[in-house]
Amino acid sequence: MKAIVHKKYGSPEVVQILDVVKPIAKDQEVLVKVYSSTVNRTDAGFRSAEYFISRFWTGLLKPKYTTLGCEFAGIVEEIGLNVKEFKKGDRVFGFNDVSFGGHGEYLIIDENKAIAIIPNQLSFDQAAPITEGSHYALSNIKAAKVESGQNVLVYGATGAIGSAAVQLLKFYGAHVTAVCNTKNIELVKSLGADEIIDYQTQDFTKATTKFHFIFDAVGKSSFGQCKQLLLKKGIYISTELGKNAENVFLALSTPIFGGKRVLFPIPIINKEIINFLKDLVERQLFKPVTDRKYKMEEIIEAYKYVESGQKTGNVILQIAE
Ligand SMILES: NC(=O)c1ccc[n+]([C@@H]2O[C@H](COP(=O)([O-])OP(=O)(O)OC[C@H]3O[C@@H](n4cnc5c(N)ncnc54)[C@H](OP(=O)(O)O)[C@@H]3O)[C@@H](O)[C@H]2O)c1
């Protein structure tokens, strides 16, 4: 089978398309023929190993799993002897950031992990981007214990995480102020944002509203910059470590004093969460934003675009027609 392979960590150019051995589903596993995947910041982060710490999961000296692609949508081709939830021919989507595989023609995943049946009306391209940005957004929203009526600011509302965060926050009943580029104002309004700050013409740190929660979904701000915008016990979360990994240290120190604080939650995705996201999609309460679509052969360009920090929502990778 064909797969996008990286045998060493590095720039987008380390990947190549190779013939590799088709995996076989063990007892509890499902073999999926992949039609669509995405190219996202998770794949890019594990491929580059820019943060050395990522190697503790994916291999210290070289990648343990050489085909990335944490998101996938496709058709179940084979099932292991003990698989109960899925059958051959099921249309499925899911997320796997342990052994990956979405950037290959076939992948295997344990049926008890984050895999679910694609909602009826959705294409593979629509189903593949349901999980990545949204589960990061959800983990952060849950950590901040957002309640209905609370004021929340999302900085970077047009990324995969930010665009999911705006929609999920509306689901939880928050009053959402979204910070985005002029060109994306209409998009962000369509996601449900109540207020919009155009970062090209306004400085969001000068806002007069106070917030229960500031979520920097692109990791471009700092707690220091945002502190004066937070209510007394307000919470700040960023998707990046910050300067000198300050967000990790602030997450350890600020909660001690009981006032404004930084959190740095570990993202979680499992069966329950994928089914929750699926339910929101079915009820039309969440729709992943999609941007460009690339073919397998264009993977290097796709990575370069994703790593430019300019994508709007999610980038699709077509694996099969
Ligand atoms: N290491 C990992 O495993 C990992 C995994 C997932 C995510 N992350 C981190 O999480 C963050 C978000 O990821 P993502 O995939 O959601 O992001 P993304 O899709 O790459 O975000 C790009 C978006 O951010 C907007 N943006 C860029 N600069 C901005 C600024 N100064 N102010 C406001 N918006 C700005 C861009 O819109 P405009 O340019 O049009 O404004 C674009 O829509 C990234 O920092 C990423 O590194 C890391």
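Every value quoted in this text rests on a predicted model; they were computed, and no experiment measured them. Numbering of ligands and ligand atoms starts at 1, following listing order. Along the sequence shown, residues carry numbers from 1.
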Checking Thr312 now: which residues fulfil side chain to side chain contact (heavy atoms under 4.5 Å, CB included) with it, not counting sequence neighbours?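 Partners of Thr312 under the side chain to side chain contact (heavy atoms under 4.5 Å, CB included) test: Thr158, Asn184, Leu187, Val289, Asp291.
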
Is it the case that Gln225 and Thr205 place a side-chain donor and acceptor less than 3.5 Å from each other?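 No pair is found: no donor N or O on one side chain lies under 3.5 Å from an acceptor on the other.
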
Whether the Thr58 and Tyr9 side chains hold a donor-acceptor pair (N or O, under 3.5 Å, no angle test) is what I'd like checked.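 Distance-only check passes for Thr58 and Tyr9.
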
More than 12 non-hydrogen atoms from neighbouring residues, nucleotides or ligands closer than 6.0 Å to NZ on Lys210, yes or no?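 Yes, NZ of Lys210 has more than 12 neighbouring heavy atoms, counting only those of other groups under 6.0 Å.
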
Taking only residues at least two apart or on different chains, which pairs with a member in residues 76-101 satisfy ring-ring contact (aromatic ring centres under 6.0 Å, His included)?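 Listed by first then second residue: Phe46-Phe100, Phe95-His135.
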
Atom-level proximity to ligand 1, residues with heavy atom under 4.0 Å: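 Close residues (ligand 1, cut-off 4.0 Å): Arg41, Thr42, Glu132, Tyr136, Tyr155, Gly156, Thr158, Gly159, Ala160, Ile161, Asn181, Lys183, Asn184, Tyr199, Ala217, Val218, Lys220, Thr239, Glu240, Gly309, Gln310, Lys311, Thr312, Gly313.
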
Supply the members, apart from Leu229, of the Ile/Leu/Val/Met/Phe/Trp/Tyr cluster built from side-chain contacts under 4.5 Å; use none for a lone residue.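 Besides Leu229, the cluster holds Leu153, Tyr155, Val179, Ile197, Tyr199, Phe204, Phe211, Ile214, Val218, Phe223, Leu230, Tyr236, Leu250, Val262.
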
